[in-house]
Amino acid sequence: MHKREDPQTLLNTCLKNLCLATIRECYQQVGQTAQQESMSYQEYLLELVELECAARHTKRIERLLRESKLPLEKNLDTFDLQRLPRKIVQKVKTLLEGSFLDRKENVLAFGNPGSGKTHLLCALGQELVRSQSRKVYFTSCGILVQELLLAKKQLQLPRILKKFAKFEVIIIDDLGYVQQDKDEMEVLFTLLADRYERGSIMLTSNLPFSHWESIFRDPMITAAAIDRLVHHSVILELNLPSYRMAQAKERGKLQDEKTKEEEEGDENKKQKK
Ligand code: ADP
Ligand code: MG
């Protein structure tokens, strides 16, 4: 007769086959606790299944964050929301609910350099991944355009558009920062048109719409791009003083105060002498 293996080995094999790695790791220890605490069979099973679910959730978020290419240091904890006007804070809070992604709406952040556009959109993106497991992709406009152009040359544009279609939102940083040539802008327009009403775009730009013709070159393409982006969109106008500048000034002020204190200290010492 075929000899049956011991239950523990069998259980381990089954859990492995079912890809229940966390239950496999924990069931013995949780079993001991269950005995000590006189847990019911159901409670014991629930405890194990919950551990498995939690571990899978953590792994999923880690994977989504890795795939998002988001700079993780730009998050909500490191962002000072108090710097923003109250109206924008309110909009940010609504965006954090995430429903704009279901409606395929866009978020367009404008403002002078250093006003916090990139940091804010990255922080929003990261929160949407962490709290709602949303599929986010971050890229700078320059890199995106190069990637699209290369794909076009290799007749792979449909493939790359399909790759982007997997994401619920694409964050395009710094639209129009560098002057692009017509080919480059055409592929960018292709992407915008492809996502229109099918997936969200969040973008940052130092240039107001009135200057976008210098990005897209062609007035018709410019109008068509703006039309598609704005149709369903939330606009965040960050017309704030540069954070970098404010910090540099703050440092300068502290330095001045320190120097003044030191000078006063020296003066006191001289007088005592
Ligand atoms: P922009 O994209 O508008 O040029 P960034 O988002 O790159 O500006 O911000 C410039 C620098 O200032 C970054 O290092 C960013 O982390 C920081 N910064 C900007 N706004 C804030 C803020 N409200 N709180 C914390 N750091 C900020
Ligand atoms: Mg920026």
Side-chain angles (χ1 to χ4, degrees), residues 65-66 68-98 100-101 105-131 134 136-148 164 167 169-180 184-185 188 191-192 195 200-216 225-226 229-230 233-255:
L65 285 174
R66 234 183 2 258
S68 76
K69 307 257 173 73
L70 278 163
L72 297 182
E73 71 285 358
K74 291 188 200 289
N75 53 50
L76 267 194
D77 290 339
T78 55
F79 190 80
D80 179 9
L81 272 176
Q82 303 296 329
R83 277 197 100 227
L84 305 184
R86 214 180 307 153
K87 239 170 136 183
I88 297 194
V89 175
Q90 201 46 52
K91 281 188 185 178
V92 169
K93 285 189 175 150
T94 309
L95 291 171
L96 284 169
E97 291 167 12
F100 75 100
L101 297 176
E105 284 172 7
N106 302 322
V107 177
L108 315 175
F110 294 102
N112 49 299
S115 56
K117 303 179 294 294
T118 303
H119 193 143
L120 178 61
L121 292 202
C122 288
L124 264 168
Q126 189 173 151
E127 277 307 302
L128 291 168
V129 176
R130 288 192 188 278
S131 64
R134 298 284 193 168
V136 177
Y137 186 79
F138 171 85
T139 176
S140 79
C141 187
I143 289 177
L144 173 70
V145 164
Q146 290 314 312
E147 205 180 335
L148 289 169
F164 287 130
F167 294 98
V169 57
I170 299 179
I171 304 178
I172 304 176
D173 194 30
D174 269 334
L175 180 80
Y177 204 63
V178 276
Q179 294 267 319
Q180 327 262 0
E184 294 175 334
M185 279 308 120
L188 182 60
L191 174 73
L192 299 183
R195 285 192 75 80
S200 297
I201 284 179
M202 293 166 92
L203 66 80
T204 75
S205 181
N206 299 328
L207 296 176
F209 290 131
S210 53
H211 287 58
W212 276 28
E213 218 174 293
S214 70
I215 310 174
F216 286 97
I226 294 177
L229 281 170
V230 174
S233 72
V234 177
I235 292 179
L236 305 173
E237 293 266 11
L238 303 189
N239 286 321
L240 305 167
S242 160
Y243 185 84
R244 288 184 274 246
M245 204 73 92
Q247 283 214 318
K249 273 194 194 148
E250 198 56 42
R251 276 197 302 272
K253 225 197 282 167
L254 287 178
Q255 194 58 46

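Along the sequence shown, residues are numbered consecutively beginning with 1. Just follow the structure's listing: the first ligand is 1, and inside any ligand the first atom is 1. Scope of the values below: all heavy atoms of this structure, side chains included, with no hydrogens, waters or symmetry mates.
Counting heavy atoms from C-beta outward, Arg251 and Gln247 have side chains that approach closer than 4.5 Å.
Below 30°, between 30° and 60°, or above 60°: for Phe167 and Tyr137 the angle between ring planes is between 30° and 60°, a tilted geometry.
Checked options Leu120, Leu238, Leu84, Asn206; the residue passing with Ser115 is Leu238 (criterion: side chain to side chain contact (heavy atoms under 4.5 Å, CB included)).
Taking 2.8 Å as the threshold, Asn206 does not count as a candidate ligand of the Mg ion (ligand 2), since none of its N, O or S atoms lies below it.
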### Task
Carefully, step by step, assess Leu124 and Phe100 under the rule side chain to side chain contact (heavy atoms under 4.5 Å, CB included).
CA-CA 12 Å; Leu124 264 168; Phe100 75 100; 5.7 Å; no

### Task
Would you please test Phe216 and Leu188 for side chain to side chain contact (heavy atoms under 4.5 Å, CB included) and show each step?
CA-CA 9 Å; Phe216 286 97; Leu188 182 60; 4.2 Å; yes

### Message
Under the criterion side chain to side chain donor-acceptor pair (under 3.5 Å), I'd like the reasoning laid out for His211 against Ser205: C-alpha separation, chi angles, the key distance, then a yes or no.
### Response
CA-CA 10 Å; His211 287 58; Ser205 181; over 6 Å; no

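Among protein residues, Thr78, Phe79, Asp80, Arg83, Asn112, Pro113, Gly114, Ser115, Gly116, Lys117, Thr118, His119, Tyr243, Arg244 come within 4.0 Å of ligand 1, judged on heavy atoms.
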